[in-house]
Amino acid sequence: MSEEKLTPRNVDFSEWYNQIVMRAEMADYAPVRGCMIVRPYGWALWENIQQALDRRFKDTGHVNAAFPLLIPMSFLEKEKEHVQGFSPELAVVTIGGGEKLEEPLVIRPTSETIIGYMYSKWIKSYRDLPVLINQWGNVVRWELRTRLFLRTLEFYWQEGHTAHATEQEAREETQRMLDVYADFAINEGAVPVIKGVKSQAEKFAGANLSASIEAMMQDTRALQAGTSHFLAQNFAKAFNIQYLDVNNSLQYAWTTSWGLSTRFIGAIIMTHGDDQGLILPPRLAPFQVVIIPIFKTESEAASVKEAVQRVQAALKAAGIRVKVDDRSEVTPGFKFNDWEMRGVPLRVEIGPKDIEKGTVAVARRDKPGKEGKSFLPQAGLPVAVADLLVDIQKSMLERATAFRDSHIFDPKDYAELTEVVQHGWAYSYWCESPECEKKVKEDTKATTRCMPLGGDEGPGKCIVCGQDAQHKVYFAKAY
RNA sequence: CGGGGUGUAGCGCAGCUGGUAGCGCACCGCGUUUGGGACGCGGGGGUCGGCGGUUCGAAUCCGCCCACCCCGACCA
């Protein structure tokens, strides 16, 4: 058989990633360059991501709504930085119903403008604030180089847009949602992330401050896994979002926006996967357990099937997402490999020997071979499985965190910085000048990722120019 | 947009000193199999990226176009 084995990560990480995405049936290439089809298994993962995030959004007082896909071109042009940032990657509709449009419509690359326009109509008084709206949707950005999930012309995400009476409230919201993303990434995705502030060069077009969560992939490149922006009054002024305060004086509102996209699926793949395929965190996995029946004879088949159904029902009743692979056309060995490719956290095998002994064989996806294999009594299995899933979730986070921490370096000088960013991240003092940032990028292709705030570091000297520096920043090659 | 490469069955490829298309995998049928990627037999499937030229005859030679991939300048 051809293509049984994945290209190993240490041979060609990109190729490994592409093969996983295709062979785990997460996504496929669309007929249009740079566009992707999210297949049912990939979308099921996305739905679990959505649920985990949406719950957190609701818990922090947000509500969902839907804004249109098409935005008048003139809206984009109202915020100077915004249009400069996005104009190179806009898709524009110029014909509708066979007629040339009077004003071109852009397919939203993000929705600050049209939402700002609506907010200006809805917000009249301080009593209307804050407005805390999120939308789940898709956006289009005409990227040149694309990768499935990581960068495609169209992608799915959520974008939160909030308006507040005061600067402080808006800053707090920016931080709150960054914290929500970090909590989600760490506790649901088992993806360790670093929270911090983006440099001026890396920030969102139109924001005063952008913050992000940054994750390290297994090739040590950084992936921006979510962003939260403090937009100050930039969009409020561009779209006239004004309210009367308690003193009856007219004020501009303060707005924020924050987003997390299907790119996070790429983060999960590249954080956890191994040379057998995906490894999904139990809390997000579409199937947490796959049951594989094993039998030879007819009579074995009958008793195995009975046990499989019983175990399935018991696990399901305990709230565990379980799949039975009862395909007759492939062998158990094939199924083992198949579900390992798809990253199901736990495999349960039930065969004649288990019927005899009242057990099942259990194999952990995160621990290949004998190490992860055990035999458990059928009685009380749901509790044991639930415990195992918790343990898998925990050890996945621990492993990813250990990997990341062992690839973050504190270079002594610039020469060492240029070396360490080839196989890790550098955490160094930076004077925050664009020139120093640019020099690192030109010399090494590494960019500043983020500056963690409230760190324990005191003032120091810029790793590049030696001038005084207040903060440390992560330098890394990024996706 | 600059450099490099590839287009032949769903996927991966061979055929390229011109003679009307083949292999592996996948797929369909039947049978035997099933605790780590099963096997046998039978079968279906192709405007050879497109257009034009050379020729009795083009997947093959020539020209133009198109698409996609990889590497560089921008990005969730």
Side-chain angles (χ1 to χ4, degrees), chain A residues 1-6 12 14-15 18-19 22-23 28-35 84-90 108-110 138-147 149-159 181 198 201-205 207 210 212-215 222-229 257-267 276-277 292-298 300-301 304 325-341 347-357 359-363 368-370 373 375 441-442 445 447 478-479:
Chain A
M1 267 221 221
S2 68
E3 285 204 324
E4 282 182 355
K5 296 262 185 266
L6 280 174
D12 186 341
S14 284
E15 183 56 25
N18 290 339
Q19 288 182 4
M22 294 293 282
R23 293 173 63 184
D28 204 347
Y29 294 98
V32 175
R33 179 196 71 85
C35 292
Q84 273 182 5
F86 280 105
S87 60
E89 51 188 49
L90 291 179
R108 62 183 174 207
T110 179
N138 55 342
V139 289
V140 169
R141 299 178 186 179
W142 214 265
E143 301 289 350
L144 297 178
R145 302 206 51 200
T146 60
R147 298 283 307 279
F149 290 122
L150 300 176
R151 176 168 296 105
T152 47
L153 299 200
E154 179 185 18
F155 60 90
Y156 301 88
W157 74 344
Q158 57 69 216
E159 46 178 324
Y181 285 151
K198 297 300 251 185
E202 297 285 330
K203 76 175 174 61
F204 176 76
S210 287
S212 69
I213 54 172
E214 300 284 333
L223 185 78
Q224 178 174 310
T227 46
S228 185
H229 311 292
S257 67
W258 26 276
L260 187 146
S261 75
T262 38
R263 172 182 253 198
F264 197 83
I265 292 174
Q276 298 301 313
I292 301 187
I294 296 160
F295 50 81
K296 287 189 173 121
T297 65
E298 288 293 321
E300 283 175 354
V304 165
D325 188 348
D326 56 4
R327 285 178 292 178
S328 59
E329 69 273 21
V330 290
T331 60
F334 180 89
K335 293 175 185 178
F336 296 168
N337 288 285
D338 199 33
W339 291 106
E340 280 166 9
M341 182 65 71
R347 179 179 77 235
V348 169
E349 305 165 26
I350 303 179
K353 289 179 222 162
D354 299 298
I355 303 299
E356 239 173 73
K357 295 186 283 189
T359 59
V360 299
V362 176
K370 286 197 172 68
K373 200 145 178 178
F375 297 89
K441 188 173 181 180
E442 283 169 359
K445 289 177 186 151
T447 51
Y479 276 96

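Computation of the quantities below employed the complete heavy-atom set of this structure, encompassing side-chain atoms and omitting hydrogens, waters and symmetry-equivalent molecules. Computed from a prediction, not measured in an experiment: that's the story for all the values here. The sequence lines fix the lettering, A, B, ..., with proteins before strands; numbering per chain opens at 1.
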*Between A:H229 and A:F204, how do the two ring planes meet: parallel, tilted or perpendicular, split at 30° and 60°?*
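Judged by the thresholds at 30° and 60°, the geometry between A:H229 and A:F204 is parallel.
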*Rounded to the nearest angstrom, tell me the gap between atom CG in A:D12 and atom C1' in B:C69.*
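Rounding to the nearest Å, CG of A:D12 and C1' of B:C69 are 13 Å apart.
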*asked:* When the C1' atoms of B:A58 and B:G2 are compared, how many Å lie between them, rounded to an integer?
replied: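 Approximately 34 Å lies between the C1' atom of B:G2 and that of B:A58.
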_Would you say A:Q276 and A:K5 are linked by a side-chain donor-acceptor pair, where the criterion is simply a distance under 3.5 Å?_
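No pair is found: no donor N or O on one side chain lies under 3.5 Å from an acceptor on the other.
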*asked:* I'd like to know if the side chain of A:W157 pairs up with that of A:N138 as donor and acceptor (distance under 3.5 Å, no hydrogens or angles considered).
replied: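 Result is no, nothing qualifies.
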*Between A:I350 (CD1) and B:U34 (C1'), how many Å, whole number?*
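So the CD1-C1' distance, A:I350 to B:U34, works out to 16 Å.
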*For B:C1, give its Watson-Crick or G-U wobble partner with both distances under 3.5 Å, or none.*
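Per the H-bond distance test, B:G72.
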*Quote, to the nearest angstrom, the C1' distance that separates B:G45 from B:A38.*
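Those two atoms are separated by 25 Å.
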_Ring-face cation of A:R151 near A:Y479 (centre distance under 6.0 Å, axis angle within 45°)_ =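 No; the conditions do not both hold, so A:R151 does not lie above the ring face of A:Y479.
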*Round to the nearest Å and state the distance from A:K445 atom NZ to B:G72 atom P.*
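Going from NZ in A:K445 over to P in B:G72 covers 5 Å.
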*Mind checking what makes salt bridge (charged side-chain N to carboxylate O under 4.0 Å, His left out) contact with A:K373, not counting sequence neighbours?*
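Result, salt bridge (charged side-chain N to carboxylate O under 4.0 Å, His left out) vs A:K373: A:E349.
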*A:K370 NZ to B:G36 P, straight-line distance once rounded to whole Å*: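 Taking NZ of A:K370 and P of B:G36, I get 11 Å after rounding.
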*Between atom CD1 in A:I355 and atom C1' in B:G35, what is the gap in whole Å?*
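These atoms are roughly 13 Å apart.
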*Base, sugar-phosphate, or nothing for A:F295, non-hydrogen atoms under 4.0 angstrom?*
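Contact class for A:F295: base.
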*Is it true that the side chains of A:E154 and A:T152 contain a donor and an acceptor less than 3.5 Å apart?*
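Side chains of A:E154 and A:T152: no pair found under 3.5 Å.
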*asked:* How many whole angstroms separate atom CZ of A:F375 from atom C1' of B:G35?
replied: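 The distance from CZ of A:F375 to C1' of B:G35 comes to 8 Å, rounded to the nearest Å.
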*Mind checking A:A225 for me? I need base, sugar-phosphate or nothing, with any heavy atom below 4.0 Å counting as a touch.*
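No contact.
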*Taking the P atom of each, how far is B:U55 from B:U60, in whole Å?*
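Approximately 16 Å lies between the P atom of B:U55 and that of B:U60.
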*Check: A:T110 and A:R141 side chains under 4.5 Å, non-hydrogen atoms*: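 A side-chain contact under 4.5 Å exists here.
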*Would you please determine if the base of B:G36 is stacked by A:F334, with stacking meaning a centroid separation under 5.5 angstrom and planes under 30 degrees?*
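A:F334 ring does not meet the centre or angle cut-off for B:G36; no stack.
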*A:Q224 near the nucleic acid: base, sugar-phosphate alone, or nothing, with a heavy-atom cut-off under 4.0 Å?*
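Sugar-phosphate contact only.
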*Let me know the distance between CE of A:M341 and P of B:G36, rounded to the nearest Å.*
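One finds 18 Å between P of B:G36 and CE of A:M341, rounded.
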Show the distances under 3.5 angstrom between N or O atoms of the protein and N or O atoms of nucleotides 8-10 of chain B.
none

*Which part of the nucleic acid does A:G351 contact within heavy-atom distance under 4.0 Å: base, sugar-phosphate only, or nothing?*
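Base: the residue A:G351, judged by heavy atoms under 4.0 Å, touches a nucleobase.
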_Please report the distance separating the C1' of B:C41 from the corresponding atom of B:A14, rounded so that it comes out in whole Å._
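Going atom to atom, C1' in each nucleotide, I get 26 Å.
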Would you tabulate the pairs of protein nitrogen or oxygen atoms and nucleotide nitrogen or oxygen atoms of nucleotides 30-33 of chain B closer than 3.5 angstrom?
none

